[in-house]
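Heads up, the thing below is written out as structure tokens.
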Amino acid sequence: MLRDKWDFEYSGAQLCEAAAKRIAFHQERLKWWKDKRQEVMAQIRTEGLEINESMVLAYQNPKSRDWVDSTQVMIRSDLKQALIECQKKLSEHTERLSDFSGWYLMLKANPEVRKSLDLNDWLFFFTEGGVGPETDIDKVLAGLSWD
């Protein structure tokens, strides 16, 4: 048995439906990450800024007052990391939404076409978030319908 060489036939209509589900998934995730980003930004504004002033400002000598470099404003590192994660996820879901929107339009225009899908193609269209090296396969399998 050469299961790595297996292909399965799907109609354009079936693939279009799968792409529509993936679009809905990525729209939901995009909205969640936009909301999370707003939450993190609000937290940064209220409690996430740290201001360090140089000791040089305490002296009265005008030469010692370095107004340009005397104050540093920093974002708390945990909030900075949270913001970076939000922006990364927003980028990822925006890109995937664009990909699946293109597939949806093409497949909607060609519902009768038949395509052979290998395992990677099937995973692309029919699993939430796809499967990669960090994927918890049990979560993927739990989300599948065995009917």
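Note that the coordinates shown come from a computational prediction; the quantities given were computed from them, not determined experimentally.
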- Indicate the atoms forming the closest heavy-atom contact of Gln14 with Glu9, along with that distance. OE1-O, 4.5 Å

- Query: Using 4.0 Å as the upper bound for N to carboxylate O, is an ion pair formed by Lys36 and Glu85?
  - Reply: no

- Message: Could you tell me if the side chain of Tyr104 sits less than 4.5 Å from the side chain of Ile23, heavy atoms only?
- Response: yes

- Message: Would you compute the distance between atom NZ of Lys80 and atom CD1 of Ile44 and round it to the nearest 0.5 angstrom?
- Response: 10.0 Å

- Task: Kindly check if the number of other-residue, nucleotide or ligand heavy atoms within 6.0 Å of CD (Glu47) is above 12?
- Result: yes

- Query: Taking all atoms of both residues into account, what is the closest heavy-atom pair of Pro111 and Ser11, and its distance?
  - Reply: O-CB, 4.0 Å

- Quick one: does Glu92's side chain get under 4.5 Å of Arg29's, heavy atoms only? no

- Task: Kindly compute the distance separating OG (Ser98) from NE2 (His26), expressed to the nearest 0.5 Å.
- Result: 11.5 Å

- Message: Tell me if a side-chain donor or acceptor on Arg22 pairs with a main-chain N or O of Asp99 at a distance below 3.5 Å.
- Response: no

- Task: Would you check if Leu15 and Val113 make a side-chain contact, meaning some heavy-atom pair closer than 4.5 Å?
- Result: no

- Query: Roughly how far apart are His93 NE2 and Lys88 NZ, rounded to 0.5 Å?
  - Reply: 10.5 Å

- Note on the structure: When rounded to the nearest 0.5 Å, the distance separating CG of Leu30 from CD of Gln27 is 8.0 Å

- Message: Side chains of Phe25 and Phe100, heavy atoms from C-beta outward: is any pair under 4.5 Å?
- Response: no

- Answer yes or no: is there an ion pair linking Glu28 with Lys31, defined by an N-O contact shorter than 4.0 Å? no

- Message: Please check: side-chain N/O of Ser91 versus main-chain N/O of Gln87, any donor-acceptor pairing under 3.5 Å?
- Response: no

- Item | Any donor-acceptor N/O pair, Thr46 side chain to Ala42 backbone, under 3.5 Å | yes

- Task: Give a yes or no on whether the ring-centroid distance for Phe126 and Phe8 is below 6.0 angstrom.
- Result: no

- Query: Taking it one step at a time, do Tyr10 and Arg114 satisfy side-chain contact (heavy atoms from CB on, under 4.5 Å)?
  - Reply: CA-CA 6 Å; Tyr10 284 87; Arg114 305 280 309 164; 5.8 Å; no

- Under 3.5 Å, side chain of Asp118 to main-chain N/O of Asp121, donor-acceptor pair present? yes

- What distance do Leu117 atom CG and Leu123 atom CG have between them, rounded to the nearest 0.5 Å? 10.0 Å

- Query: Is Trp122 reachable from Met106 through a run of I, L, V, M, F, W or Y residues, each pair having side-chain heavy atoms under 4.5 Å apart?
  - Reply: yes

- Validation row: Val73, Glu50 side chains within 4.5 angstrom (heavy atoms): no

- Message: Quick check: is Phe125 connected to Leu105 through a chain of hydrophobic side chains (ILVMFWY, heavy atoms under 4.5 Å apart)?
- Response: yes

- Candidate pair Asp35 and Gln38, rule side-chain contact (heavy atoms from CB on, under 4.5 Å), full reasoning: CA-CA 5 Å; Asp35 293 345; Gln38 291 302 324; 5.6 Å; no

- Note on the structure: Rounded to the nearest 0.5 angstrom, the CD-CH2 distance for Glu39 and Trp33 is 10.5 Å

- Item | Least distance between heavy atoms, Ile75 atom then Leu79 atom | CG2-CB, 4.3 Å

- Message: Tell me whether Val40 shares a hydrophobic cluster with Met74, the cluster being built from Ile, Leu, Val, Met, Phe, Trp, Tyr side chains joined at under 4.5 Å.
- Response: no

